[in-house]
Number of protein chains: 2
Amino acid sequence: MSENNEIKILLTEKEMPTHWYNIQADMPRQMDPPLNPVTGRPVGPDDLKAIFPLSLIGQEVSRERWIEIPEEVREIYRLWRPSPLMRARRLEKALDTPARIFYKYEGVSPAGSHKLNTAVPQAYFNKQEGIKRLTTETGAGQWGVALSQACNFFGLECTVYMVKVSYQQKPYRRSMMEIFGSRVFASPSRETAAGRKILQEDPDSPGSLGIAISEAVEDAAGRNDTNYALGSVLNHVLLHQTVIGLEAREQMAKAGYYPDVVIACCGGGSNFGGLAFPFAHDKITRGTGVRLVAVEPTACPTLTRGRFTYDFGDVAGLTPLLPMYTLGAAFMPPGIHAGGLRYHGDSPLVSRLVQDGIVEARAKNQLETFKSAILFARSEGIVPAPESAHAIAQVVDEALAAREAGEARTILFNLSGHGLLDLPSYDAYLAGQLKDYFLPEEALQKSLAGLPRVGK
Amino acid sequence: MSENNEIKILLTEKEMPTHWYNIQADMPRQMDPPLNPVTGRPVGPDDLKAIFPLSLIGQEVSRERWIEIPEEVREIYRLWRPSPLMRARRLEKALDTPARIFYKYEGVSPAGSHKLNTAVPQAYFNKQEGIKRLTTETGAGQWGVALSQACNFFGLECTVYMVKVSYQQKPYRRSMMEIFGSRVFASPSRETAAGRKILQEDPDSPGSLGIAISEAVEDAAGRNDTNYALGSVLNHVLLHQTVIGLEAREQMAKAGYYPDVVIACCGGGSNFGGLAFPFAHDKITRGTGVRLVAVEPTACPTLTRGRFTYDFGDVAGLTPLLPMYTLGAAFMPPGIHAGGLRYHGDSPLVSRLVQDGIVEARAKNQLETFKSAILFARSEGIVPAPESAHAIAQVVDEALAAREAGEARTILFNLSGHGLLDLPSYDAYLAGQLKDYFLPEEALQKSLAGLPRVGK
C-alpha cells in the first residue's frame, strides 16, 4: 500500500456503495425551503408532483443520512461502477511537485461523465410510478446523453432540449442521444410557448440552460404520462452523485492517504457535491481539516460573485424559487465551451455550504482551463471535458503551491468526464480562436437588479 | 465465482503480463520470409533498418516464445491496463440466448482502442535507438491517435498520413492527434512523391491505407533521424497486442469459463491476433477445440476471397513482399465507415493460420454491422467502433446459433475500441444513408491479375 507504484486504485463490484449519502442530515443549519413564486409559501409535494415522482420528491426533503440504492439501479451502475481512482504520477512529474495528485475518473461511464449516476435512478423511480416519457434540458450534452441512456435502459421515451450554442458546437453529443433513441431539439425551440417567446424577442438567441429548463418543464407539466428530469442543482440529484465521493473515500483509504484538498468543477453543483459531500461529512462531524474547493468559470461566476437569495431555476419563471447563489435567472452567460457550467444559479446545498464557510469557491478563466487540460492530456493521456478542466486548473495551482511550500500535500479531484465529444473546442483553442471572459461589474449589477422580489 | 452476477472481471496491475507471447514459436509450419521485390531474395535486417529499429526487426523474426515487456512500456500500459473483461449480460438477455457472452474492452485506453498496446513499445524501442521522429499512416484514425499519444509520452515527433476519406469523415480523430502534438496530412498528399503521383492520376482519390503507407514509408526512408511505424500486419505488431489475449485468458479463468469461440474483427490482423493468439497457442499445443473467428467486411474480403501469395504491403511498391492473403495492392476498397478494415492485405501470421485451418474467416456487410452495433449500444451502453461492430455481428450469429442448438456456449470477443469519434457514421446509418457493398467477382479478378510476378 501507500508508496507502491500502482496507478489505479480499484474497488470490486461488491465494494460499491449500497446507500447514497444525504448531507441534509448533517448540514450545520437546516435548509430554507423552496418557495411557490405566486404565494410566497414553501413548496409542498403537491406543487412538485406535476413534474416529479413522489419518491424523488421524498428524497428532495429527506433528512435521513443514508438512502438505499435500489438493486435495479445498482445493476446498471455495475456496467461501469465502481469507477477507478487514479494517481496522476505523470502530471505530478510534469509539475515537479511534491504533492500527490489523485483523481476520480467518471469518464468511464458509457455516457462519458458522472451524469449517468443520477440519470439511472431518476429514470428508475419515474418508471416505478408509471411514467412513460421524460423531458430534460442539456447544455454541453453530457446530461442529455446520460438521460437518453438511462431512459433506454428502462424503456422510457426521452425528449431533450439542447442549448442551441452547444447543439451547434457539439453535434456528436446529439448523435449519441439519437443512438439511444431520444428526440433532440435545439433550444430555444418552436416546440414550447417559452421557446417561441424567446425566439420572438431574439431569433438568434444562443440559448442557455435557464431557457432550456423552461422548455422541458413546460413540456412535462402539460402531460400526465410525462415527467421532467434535472441533471443538477436539486438535492436528490446531488444525493445520487455521492456514490462518487463514497467510493473515492474508500479508495483513498486503500491508497493510504486522506486528501488535504478536494476539488471539482461546479456548474449546478452535482459533480462537486458528488465528490465533496462525503468529505464534507467528515469535516462537519469529525472536524477534519480537508479543504473543499468548487471551481466555476469567470464567465459565469455564481458562487464567487453572485448573490445568495431566492431565485427562479429557469428563465421563464416556471420553477419554484430556490435559495441559492445566483447571477439572476435572466443572466445570459457568454458561449464558453464548458457548456455544462453556463448556469445562472447553483445547488442550494452547495450554496449554503459556501455561505457557511465549509466549501471554498474559485473562478477560472477559459484559456487557463484549456492550457491545463492540454497539460493533463499530454501527461495522463485522457482528454478532459472542458468543464472538468476547471478543476484541473485549480489542481495545478494547488500543486504549485505545495511545491512552493515544500509540502507533500494530497490533492483529490473529480475528472467528471472525458472531452472526446468536445474536440472542436480543442481545435478552436489550439488555433488561438478562444478568448477569456470576465463579467463586468456593471452587467452583474444589472442582472442582479432583475431578481424576483419574493422571498424572506 | 462462476455464476455470481458480476459484470466486470478485473486484474490488478501486478497481474498484468510481463511478457508478450510470440506465436512464431508455435506455428504449425515455419513462416515464409518477406522478399526483396528487386532481388526476389529474403529480406534481411539491412533492408529494414532504414525504417525500423533493430530491436523491432529482431522481434519480427524471433522464434522465442516469450519476449519481455520493458518496464518503461509497462509503466505506460498501467495508465489503462489490465483492461476489463466484461460479461455482456444485457446483450445475452436481448438476444434471449443461453450463450455466455464476454468481451475484452480495449476502448478504455486513452487512445480509445487497442492500438496503443503496440504504439507505446514502438515509440519506446525507436527512442532507445536515437530516433527523433516517427511517420505513419492511419485509416479511421485510431492508429494515428495511438501513435501520437505514444510519441508524446516518449518525446518523439510524429507525422501522420491519414486516408483522405477518413480525414473528411472523422475530423475528431485529427483533433486528437493534434492535441498530442502530431502533424496530420490528408493522404494522398503533396508531401511525398507517392502522394503527388496518385493525385496527378486522380485528384479526387479518396485514399487508402496502401497509399498512406507509401507516403509514410517514403517520408521515413529519406531521413536518418526518422523511422516508420506500422499499426498492424507485421509480426512485431501482433506480438505486442498479445497482452490482450493473455489478460483475457486469465480473466476467463477467474470467471470460471473457457471460450468455445473467440471472435475479433480483422483488417491488418492486430486486434484479432492480439486476442486470439494466446488461445491459438492452447489450440495448437494442447488441442483445445476453441474456434477462432476473424471477421472482415464484405467490401474488403481479404481472408474470405483474396489469394494467399506474395504481395506488396503498400500501393507504390516500396515495402518488401509479404506472404499473405491479398486482394492486390492496387485494390481500392469502397469508402465504408470501418476505415480500419480497408486494407488489401492481412497479417502474414493470421493468413498462415487461416490457410492451415487454425483460424476461420467470415465477412459481414455494412448494414448488419451497424445494426449489431446499435443493439450492443442499447444493451451495454457502449457505442462500438464500426470496426469492432464486425465482431459483434458475428457474436450475434453465434449467440443465435447457440439458442438454436439449446447450448450454453461461451463466446469471447474483442471490443477493440469505442465509436465516440465515429458518430457521423452512426448519424448516416440512422438516416438510412449507408449501403452494403459486395465486391463483384469481375473486379476481384481484375485486381488479382495485377499481383506482382515475383515470389515462389
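The structure displayed is predicted, hence computed values, not measured ones. Every chain is numbered from 1, with letters handed out A, B, ... down the list of sequences. The analysis underlying the following values was restricted to heavy atoms, covering all of them including side chains, and did not include hydrogens, waters or symmetry mates.
- B:Ser109 does not touch chain A: none of its heavy atoms, backbone or side chain, sits under 4.5 Å away.
- Residues A:Leu85 and A:Glu250 are not in side-chain contact: their nearest non-hydrogen atoms beyond the backbone lie 4.5 Å or more apart.
- Closest of all the heavy-atom pairs between B:His240 and B:Tyr77 is O-OH, 3.9 Å.
- Of the residues listed (B:Glu15, B:Glu13, B:Glu247), the one engaging B:Arg81 in a salt bridge (Lys or Arg N to Asp or Glu O under 4.0 Å) is B:Glu247, and it is the only one.
- No other option in A:Arg378, A:His418, A:Gln149 has as many heavy-atom pairs under 4.5 Å with chain B as A:Arg378.
- With a 4.5 Å cut-off on non-hydrogen atoms, A:Ile374 touches chain B through its side chain but not through its backbone.
- Contact count versus chain A (heavy atoms, under 4.5 Å) is highest, among B:Leu430, B:Ile382, B:Leu420, for B:Leu420.
- In this structure, no portion of A:Val108 lies under 4.5 Å from any heavy atom of chain B.
- Here B:Leu79 is the residue among B:Leu116, B:Leu10, B:Leu79 with the most heavy-atom pairs under 4.5 Å with chain A.
- Atom CD of A:Glu178 and atom OH of B:Tyr426 lie 14.5 Å apart (nearest 0.5 Å).
- Below 30°, between 30° and 60°, or above 60°: for B:Tyr429 and B:Phe370 the angle between ring planes is below 30°, a parallel geometry.
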